[in-house]
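What follows is a short report on a single structure.
Both backbone and side-chain heavy atoms feed into the values below; hydrogens, waters and symmetry mates do not. This structure is a prediction, so every number in the text was calculated from the model and none was measured.
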Amino acid sequence: MQFQFFGRKKNLARKERISRFQQVMELAQDIANIDPVGLQTLIRLVAAPLQAKTITSAALATPHHARQADSFSCLFFQGSLPVTPDGVRADKVSIRRPDRCFKLRLGTDPVLATPWHRDRLANAIATIGFGKRQGAWVEDENHRISLLLPIGVGIVLGGNHSIAAGIANGEGFVTSADVQDLSPLYPYVRYDGLSFLRIHDGTLLSQPVDEEPGMLFEIGRLMAKHGVSAGAEWHDPSADTDPSLSGGDIYYKVLINGQDAGVALTPSGAALELRRAGLQEGSAQWSKVLHGDSALFRSNHLGNQETIEFRWSMRRRVVDDLKFVYGVMPWVDPDDD
(Lines give C-alpha, C1' and ligand atoms only; values in the text may rest on other atoms or scores of the structure.)
Protein backbone atom coordinates (compact mmCIF):
# COMPACT_ATOMS: atom_id res chain seq x y z
CA MET A 1 0.00 0.00 0.00
CA GLN A 2 2.85 2.37 0.83
CA PHE A 3 4.42 1.79 -2.61
CA GLN A 4 1.06 2.51 -4.27
CA PHE A 5 0.78 5.78 -2.32
CA PHE A 6 4.21 6.97 -3.41
CA GLY A 7 3.50 5.84 -6.98
CA ARG A 8 0.30 7.89 -7.12
CA LYS A 9 2.10 10.88 -5.59
CA LYS A 10 4.87 10.65 -8.18
CA ASN A 11 2.39 10.40 -11.05
CA LEU A 12 0.50 13.42 -9.73
CA ALA A 13 3.73 15.44 -9.54
CA ARG A 14 4.55 14.49 -13.14
CA LYS A 15 1.09 15.54 -14.34
CA GLU A 16 1.35 18.86 -12.49
CA ARG A 17 4.78 19.54 -13.98
CA ILE A 18 3.55 18.84 -17.51
CA SER A 19 0.53 21.06 -16.88
CA ARG A 20 2.74 23.96 -15.74
CA PHE A 21 4.85 23.57 -18.87
CA GLN A 22 1.77 23.60 -21.10
CA GLN A 23 0.39 26.69 -19.38
CA VAL A 24 3.67 28.57 -19.84
CA MET A 25 3.87 27.61 -23.52
CA GLU A 26 0.27 28.68 -24.11
CA LEU A 27 1.13 32.04 -22.53
CA ALA A 28 4.24 32.26 -24.72
CA GLN A 29 2.15 31.67 -27.83
CA ASP A 30 -0.38 34.29 -26.74
CA ILE A 31 2.45 36.80 -26.26
CA ALA A 32 3.98 35.93 -29.62
CA ASN A 33 0.61 36.48 -31.32
CA ILE A 34 0.42 40.01 -29.84
CA ASP A 35 4.10 41.02 -30.16
CA PRO A 36 6.95 38.45 -30.12
CA VAL A 37 9.33 40.97 -28.51
CA GLY A 38 7.36 40.34 -25.30
CA LEU A 39 8.97 36.89 -25.15
CA GLN A 40 12.08 38.62 -23.80
CA THR A 41 10.08 39.61 -20.72
CA LEU A 42 8.58 36.13 -20.38
CA ILE A 43 12.13 34.72 -20.29
CA ARG A 44 12.87 36.94 -17.27
CA LEU A 45 9.63 35.86 -15.61
CA VAL A 46 10.29 32.13 -16.05
CA ALA A 47 13.99 32.41 -15.18
CA ALA A 48 13.30 34.24 -11.91
CA PRO A 49 12.50 31.12 -9.80
CA LEU A 50 15.56 29.35 -11.22
CA GLN A 51 17.74 32.34 -10.42
CA ALA A 52 16.36 32.39 -6.88
CA LYS A 53 17.26 28.72 -6.42
CA THR A 54 20.82 29.18 -7.66
CA ILE A 55 21.60 32.40 -5.80
CA THR A 56 20.22 31.22 -2.43
CA SER A 57 21.69 27.71 -2.46
CA ALA A 58 24.66 28.47 -0.21
CA ALA A 59 22.47 30.55 2.10
CA LEU A 60 19.90 27.79 2.64
CA ALA A 61 22.14 24.71 2.65
CA THR A 62 24.45 23.51 5.38
CA PRO A 63 28.17 24.10 4.75
CA HIS A 64 29.60 22.09 1.82
CA HIS A 65 26.13 21.08 0.58
CA ALA A 66 25.35 24.01 -1.72
CA ARG A 67 24.11 23.51 -5.26
CA GLN A 68 26.68 22.71 -7.93
CA ALA A 69 27.58 25.63 -10.18
CA ASP A 70 25.40 25.71 -13.27
CA SER A 71 26.55 24.93 -16.81
CA PHE A 72 24.76 24.00 -20.04
CA SER A 73 25.07 20.31 -19.15
CA CYS A 74 23.69 20.82 -15.63
CA LEU A 75 20.70 22.80 -16.81
CA PHE A 76 19.79 21.04 -20.06
CA PHE A 77 21.66 17.88 -21.13
CA GLN A 78 25.22 16.71 -21.73
CA GLY A 79 26.79 18.58 -24.61
CA SER A 80 28.72 15.45 -25.59
CA LEU A 81 25.53 13.55 -26.50
CA PRO A 82 24.79 12.97 -30.22
CA VAL A 83 21.60 14.72 -31.33
CA THR A 84 21.51 14.50 -35.13
CA PRO A 85 20.66 11.39 -37.19
CA ASP A 86 24.30 11.19 -38.30
CA GLY A 87 25.61 11.40 -34.72
CA VAL A 88 26.83 14.99 -34.37
CA ARG A 89 27.24 16.04 -30.73
CA ALA A 90 25.08 18.79 -29.24
CA ASP A 91 28.08 21.00 -28.45
CA LYS A 92 29.09 20.79 -32.13
CA VAL A 93 25.60 21.70 -33.35
CA SER A 94 25.19 24.79 -31.17
CA ILE A 95 27.30 27.71 -32.39
CA ARG A 96 29.89 29.69 -30.44
CA ARG A 97 29.69 33.36 -31.38
CA PRO A 98 33.04 35.05 -30.69
CA ASP A 99 31.82 37.98 -32.81
CA ARG A 100 29.04 38.79 -30.35
CA CYS A 101 29.29 40.51 -26.98
CA PHE A 102 26.51 41.48 -24.59
CA LYS A 103 26.17 43.57 -21.44
CA LEU A 104 23.85 42.08 -18.83
CA ARG A 105 22.17 44.16 -16.14
CA LEU A 106 22.50 42.30 -12.86
CA GLY A 107 19.31 43.81 -11.49
CA THR A 108 17.21 42.92 -14.55
CA ASP A 109 18.64 40.29 -16.88
CA PRO A 110 18.46 36.58 -15.99
CA VAL A 111 21.97 35.80 -14.72
CA LEU A 112 22.44 32.46 -12.94
CA ALA A 113 25.05 32.86 -10.23
CA THR A 114 25.67 29.91 -7.91
CA PRO A 115 27.65 30.94 -4.85
CA TRP A 116 28.96 27.77 -3.22
CA HIS A 117 30.94 28.93 -0.15
CA ARG A 118 29.02 30.44 2.77
CA ASP A 119 31.91 32.51 4.14
CA ARG A 120 32.68 34.03 0.75
CA LEU A 121 29.00 34.74 0.19
CA ALA A 122 28.74 36.41 3.60
CA ASN A 123 31.76 38.59 2.85
CA ALA A 124 30.44 39.59 -0.58
CA ILE A 125 26.99 40.49 0.72
CA ALA A 126 28.42 42.41 3.68
CA THR A 127 31.01 44.45 1.81
CA ILE A 128 30.02 44.87 -1.87
CA GLY A 129 27.45 47.47 -2.89
CA PHE A 130 26.58 51.13 -2.75
CA GLY A 131 27.44 52.54 0.68
CA LYS A 132 29.42 49.44 1.74
CA ARG A 133 33.10 48.89 2.48
CA GLN A 134 34.16 47.90 -1.05
CA GLY A 135 31.86 50.42 -2.70
CA ALA A 136 29.38 50.03 -5.52
CA TRP A 137 29.53 46.83 -7.58
CA VAL A 138 32.13 47.05 -10.36
CA GLU A 139 32.94 44.47 -13.02
CA ASP A 140 36.46 43.02 -12.95
CA GLU A 141 38.49 40.39 -14.81
CA ASN A 142 37.31 37.63 -12.44
CA HIS A 143 33.73 38.00 -13.66
CA ARG A 144 32.96 35.63 -16.53
CA ILE A 145 29.53 35.00 -18.04
CA SER A 146 28.44 32.59 -20.77
CA LEU A 147 25.35 33.94 -22.54
CA LEU A 148 22.87 31.55 -24.17
CA LEU A 149 21.08 32.77 -27.30
CA PRO A 150 18.33 33.33 -28.20
CA ILE A 151 17.02 33.23 -24.63
CA GLY A 152 19.50 35.74 -23.18
CA VAL A 153 20.22 33.75 -20.02
CA GLY A 154 23.69 34.19 -18.56
CA ILE A 155 25.52 31.38 -16.75
CA VAL A 156 28.25 32.56 -14.39
CA LEU A 157 31.60 30.89 -15.03
CA GLY A 158 33.62 32.96 -12.58
CA GLY A 159 32.89 35.40 -9.76
CA ASN A 160 29.77 33.66 -8.46
CA HIS A 161 29.88 35.23 -4.99
CA SER A 162 30.45 38.86 -5.99
CA ILE A 163 28.00 38.59 -8.91
CA ALA A 164 25.42 37.17 -6.50
CA ALA A 165 25.91 40.29 -4.38
CA GLY A 166 25.41 42.46 -7.45
CA ILE A 167 22.18 40.63 -8.32
CA ALA A 168 20.89 40.94 -4.75
CA ASN A 169 21.75 44.66 -4.69
CA GLY A 170 20.30 45.20 -8.16
CA GLU A 171 23.38 47.07 -9.33
CA GLY A 172 26.06 46.65 -11.94
CA PHE A 173 26.65 45.34 -15.45
CA VAL A 174 28.68 42.34 -16.55
CA THR A 175 30.00 41.66 -20.05
CA SER A 176 29.65 38.22 -21.63
CA ALA A 177 32.91 36.30 -22.04
CA ASP A 178 31.30 33.59 -24.17
CA VAL A 179 28.18 33.48 -26.36
CA GLN A 180 26.53 30.18 -27.35
CA ASP A 181 23.66 30.13 -29.85
CA LEU A 182 21.26 27.24 -29.16
CA SER A 183 19.08 27.90 -32.23
CA PRO A 184 20.72 25.18 -34.40
CA LEU A 185 19.65 22.59 -31.78
CA TYR A 186 15.92 23.14 -32.28
CA PRO A 187 15.49 20.83 -35.31
CA TYR A 188 17.06 17.99 -33.28
CA VAL A 189 15.99 18.43 -29.63
CA ARG A 190 12.70 19.14 -27.87
CA TYR A 191 11.44 19.34 -24.29
CA ASP A 192 8.08 17.72 -23.43
CA GLY A 193 7.52 19.03 -19.91
CA LEU A 194 9.55 16.29 -18.23
CA SER A 195 12.48 15.39 -20.46
CA PHE A 196 14.77 16.56 -23.23
CA LEU A 197 14.33 14.20 -26.18
CA ARG A 198 16.05 13.63 -29.50
CA ILE A 199 13.48 14.46 -32.18
CA HIS A 200 14.43 11.96 -34.88
CA ASP A 201 14.13 8.85 -32.68
CA GLY A 202 12.70 9.96 -29.32
CA THR A 203 15.85 9.01 -27.36
CA LEU A 204 15.95 10.42 -23.82
CA LEU A 205 18.74 12.98 -23.37
CA SER A 206 18.00 14.07 -19.80
CA GLN A 207 15.32 14.56 -17.15
CA PRO A 208 16.39 17.83 -15.49
CA VAL A 209 15.56 18.36 -11.83
CA ASP A 210 14.51 21.96 -12.47
CA GLU A 211 11.57 22.56 -14.78
CA GLU A 212 12.52 26.11 -15.79
CA PRO A 213 15.39 25.21 -18.20
CA GLY A 214 13.01 23.19 -20.38
CA MET A 215 10.50 26.04 -20.42
CA LEU A 216 13.25 28.50 -21.35
CA PHE A 217 14.50 26.20 -24.11
CA GLU A 218 11.06 25.99 -25.73
CA ILE A 219 10.35 29.72 -25.36
CA GLY A 220 13.67 30.17 -27.16
CA ARG A 221 12.31 28.06 -30.02
CA LEU A 222 9.48 30.60 -30.43
CA MET A 223 11.98 33.48 -30.24
CA ALA A 224 14.08 31.91 -32.99
CA LYS A 225 10.96 31.34 -35.11
CA HIS A 226 9.93 34.99 -34.83
CA GLY A 227 13.44 36.44 -35.10
CA VAL A 228 13.45 37.86 -31.57
CA SER A 229 16.88 38.56 -30.12
CA ALA A 230 17.98 38.22 -26.52
CA GLY A 231 16.76 40.86 -24.10
CA ALA A 232 20.34 41.63 -23.03
CA GLU A 233 22.03 44.63 -24.63
CA TRP A 234 24.35 43.86 -27.53
CA HIS A 235 27.63 45.52 -26.61
CA ASP A 236 29.65 47.05 -29.44
CA PRO A 237 32.96 48.33 -27.95
CA SER A 238 33.41 50.62 -30.96
CA ALA A 239 30.02 52.28 -30.55
CA ASP A 240 29.33 55.49 -28.67
CA THR A 241 26.65 54.31 -26.24
CA ASP A 242 25.45 57.70 -24.99
CA PRO A 243 22.78 58.90 -24.76
CA SER A 244 21.29 55.90 -22.96
CA LEU A 245 17.69 54.81 -23.41
CA SER A 246 17.20 54.27 -19.69
CA GLY A 247 16.04 56.62 -16.95
CA GLY A 248 16.26 60.38 -16.49
CA ASP A 249 14.28 63.06 -18.31
CA ILE A 250 15.59 62.26 -21.79
CA TYR A 251 13.30 62.55 -24.78
CA TYR A 252 13.70 62.58 -28.56
CA LYS A 253 12.38 65.29 -30.85
CA VAL A 254 11.10 63.84 -34.12
CA LEU A 255 12.01 65.43 -37.46
CA ILE A 256 10.11 64.43 -40.60
CA ASN A 257 11.96 65.29 -43.81
CA GLY A 258 14.06 67.74 -41.80
CA GLN A 259 11.13 69.55 -40.18
CA ASP A 260 10.28 69.42 -36.48
CA ALA A 261 7.11 67.34 -36.11
CA GLY A 262 6.21 69.13 -32.89
CA VAL A 263 6.05 65.76 -31.12
CA ALA A 264 8.63 63.95 -29.00
CA LEU A 265 9.24 60.27 -28.28
CA THR A 266 10.01 58.79 -24.90
CA PRO A 267 13.14 56.58 -24.64
CA SER A 268 10.78 53.58 -24.69
CA GLY A 269 9.10 54.85 -27.86
CA ALA A 270 12.45 55.46 -29.55
CA ALA A 271 13.59 51.93 -28.67
CA LEU A 272 10.37 50.47 -30.08
CA GLU A 273 10.83 52.30 -33.38
CA LEU A 274 14.48 51.24 -33.71
CA ARG A 275 13.51 47.61 -33.12
CA ARG A 276 10.77 47.90 -35.74
CA ALA A 277 13.44 49.12 -38.14
CA GLY A 278 15.42 45.94 -37.46
CA LEU A 279 18.28 47.58 -35.57
CA GLN A 280 20.15 45.64 -32.89
CA GLU A 281 20.11 47.31 -29.48
CA GLY A 282 23.56 48.64 -28.56
CA SER A 283 24.93 48.47 -32.13
CA ALA A 284 26.79 51.30 -33.82
CA GLN A 285 23.82 52.03 -36.12
CA TRP A 286 21.43 52.09 -33.13
CA SER A 287 23.65 54.68 -31.48
CA LYS A 288 23.98 56.78 -34.66
CA VAL A 289 20.20 57.08 -35.02
CA LEU A 290 19.80 58.16 -31.39
CA HIS A 291 22.55 60.76 -31.81
CA GLY A 292 20.94 62.17 -34.93
CA ASP A 293 23.83 61.02 -37.13
CA SER A 294 21.66 58.64 -39.16
CA ALA A 295 18.02 58.46 -40.20
CA LEU A 296 15.17 55.98 -40.46
CA PHE A 297 12.75 55.76 -43.37
CA ARG A 298 9.04 54.99 -43.51
CA SER A 299 6.04 55.32 -45.80
CA ASN A 300 3.30 57.70 -44.64
CA HIS A 301 -0.44 57.12 -44.99
CA LEU A 302 -0.31 58.35 -48.62
CA GLY A 303 2.45 55.89 -49.47
CA ASN A 304 5.13 58.56 -49.74
CA GLN A 305 8.54 57.86 -48.23
CA GLU A 306 9.58 60.02 -45.28
CA THR A 307 12.95 60.53 -43.62
CA ILE A 308 12.73 60.28 -39.82
CA GLU A 309 15.42 61.74 -37.59
CA PHE A 310 15.72 61.94 -33.81
CA ARG A 311 17.19 64.79 -31.79
CA TRP A 312 18.14 63.92 -28.24
CA SER A 313 17.01 66.45 -25.61
CA MET A 314 16.86 66.79 -21.85
CA ARG A 315 13.61 67.95 -20.29
CA ARG A 316 13.91 70.64 -17.65
CA ARG A 317 13.25 69.63 -14.07
CA VAL A 318 10.29 71.36 -12.47
CA VAL A 319 10.61 72.19 -8.74
CA ASP A 320 8.38 74.07 -6.33
CA ASP A 321 11.10 75.80 -4.29
CA LEU A 322 14.00 77.98 -5.50
CA LYS A 323 16.32 76.37 -2.94
CA PHE A 324 16.39 73.30 -5.17
CA VAL A 325 17.87 75.33 -8.04
CA TYR A 326 21.58 74.99 -7.32
CA GLY A 327 23.06 76.48 -10.46
CA VAL A 328 23.10 76.44 -14.24
CA MET A 329 22.75 73.06 -15.95
CA PRO A 330 24.87 73.48 -19.11
CA TRP A 331 23.61 70.32 -20.80
CA VAL A 332 20.06 71.71 -21.11
CA ASP A 333 19.48 73.47 -24.40
CA PRO A 334 17.72 76.87 -24.14
CA ASP A 335 15.05 75.59 -26.52
CA ASP A 336 14.35 72.44 -24.48
CA ASP A 337 11.05 72.13 -22.66
Side-chain angles (χ1 to χ4, degrees), residues 35-41 43-44 97-111 136-139 143 145 147 149-152 154 171-179 181 223 226-261 263-299 305-316 329-333 335-337:
D35 187 341
V37 173
L39 294 171
Q40 296 174 342
T41 302
I43 287 287
R44 296 188 181 106
R97 300 295 302 269
D99 59 318
R100 307 296 295 274
C101 186
F102 291 81
K103 292 187 73 172
L104 291 91
R105 298 157 290 186
L106 294 183
T108 304
D109 294 320
V111 176
W137 196 95
V138 177
E139 182 180 15
H143 298 136
I145 297 280
L147 184 74
L149 298 179
I151 58 179
E171 62 183 69
F173 292 79
V174 64
T175 307
S176 63
D178 173 72
V179 177
D181 190 352
M223 295 175 73
H226 291 281
V228 177
S229 61
E233 179 183 348
W234 182 18
H235 177 55
D236 183 348
S238 66
D240 183 1
T241 56
D242 290 324
S244 170
L245 279 181
S246 61
D249 294 312
I250 295 171
Y251 67 97
Y252 296 87
K253 295 179 181 178
V254 179
L255 277 64
I256 301 178
N257 297 328
Q259 292 185 303
D260 192 334
V263 180
L265 279 175
T266 64
S268 176
L272 175 62
E273 195 56 40
L274 266 61
R275 292 192 186 108
R276 284 174 175 163
L279 301 186
Q280 173 67 54
E281 185 170 354
S283 67
Q285 185 62 21
W286 177 284
S287 184
K288 285 181 181 179
V289 173
L290 292 182
H291 282 84
D293 297 328
S294 187
L296 302 175
F297 301 94
R298 74 173 185 184
S299 295
Q305 189 179 64
E306 295 177 331
T307 300
I308 306 297
E309 297 173 272
F310 295 155
R311 292 291 185 269
W312 174 74
S313 296
M314 178 76 75
R315 182 170 287 110
R316 297 171 184 266
M329 298 182 180
W331 57 84
V332 179
D333 190 282
D335 294 328
D336 285 347
D337 295 337

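Nearest heavy-atom pair across Asp109 and Lys103 is OD2-O, 4.1 Å. Scanning both residues, Glu309 and Ala295, for their nearest heavy atoms gives CG-CB, 3.8 Å. Residues Gly154 and Leu147 share a closest heavy-atom pair of N-CD1, 4.0 Å. Arg298 and Ile256 make their closest contact through NH2-CD1, 3.8 Å (heavy atoms, listed as atom of the first residue, atom of the second, distance). Nearest heavy atoms, Ile151 versus Ile43: O-CG2, 3.2 Å. Across every non-hydrogen atom of Ser229 and Met223, the tightest pair is O-CE, 3.5 Å.
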In sequence, state the C-alpha distance, the side-chain angles, and the governing distance for Leu296 and Phe310, and then conclude on side chain to side chain contact (heavy atoms under 4.5 Å, CB included).
-> CA-CA 9 Å; Leu296 302 175; Phe310 295 155; 4.3 Å; yes

Begin with the C-alpha distance, continue with both residues' side-chain angles, and end with the deciding distance and a verdict on side chain to side chain contact (heavy atoms under 4.5 Å, CB included) for Leu265 and Tyr251.
-> CA-CA 6 Å; Leu265 279 175; Tyr251 67 97; over 6 Å; no

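Considering only residues two or more places apart in sequence or on other chains, Arg276 meets the side chain to side chain contact (heavy atoms under 4.5 Å, CB included) condition with Leu272, Glu273. With sequence neighbours excluded, the residues forming a side chain to side chain contact (heavy atoms under 4.5 Å, CB included) with Asp260 are Lys253, listed by chain and number. Partners of Gln40 under the side-chain hydrogen bond (donor to acceptor under 3.5 Å, both in side chains) rule, at least two apart in sequence or in another chain, do not exist in this structure. Scanning for side chain to side chain contact (heavy atoms under 4.5 Å, CB included) contacts around Ala136 gives Glu171, with sequence neighbours left out. Asp178 pairs by the side-chain hydrogen bond (donor to acceptor under 3.5 Å, both in side chains) definition with Arg96, Ser146, not counting sequence neighbours. With sequence neighbours excluded, the residues that form a side chain to side chain contact (heavy atoms under 4.5 Å, CB included) with Ser294 are Gln285, Lys288, Val289.
A parallel orientation is assigned to the rings of His143 and Trp137, their planes being inclined by less than 30° (bins at 30° and 60°).
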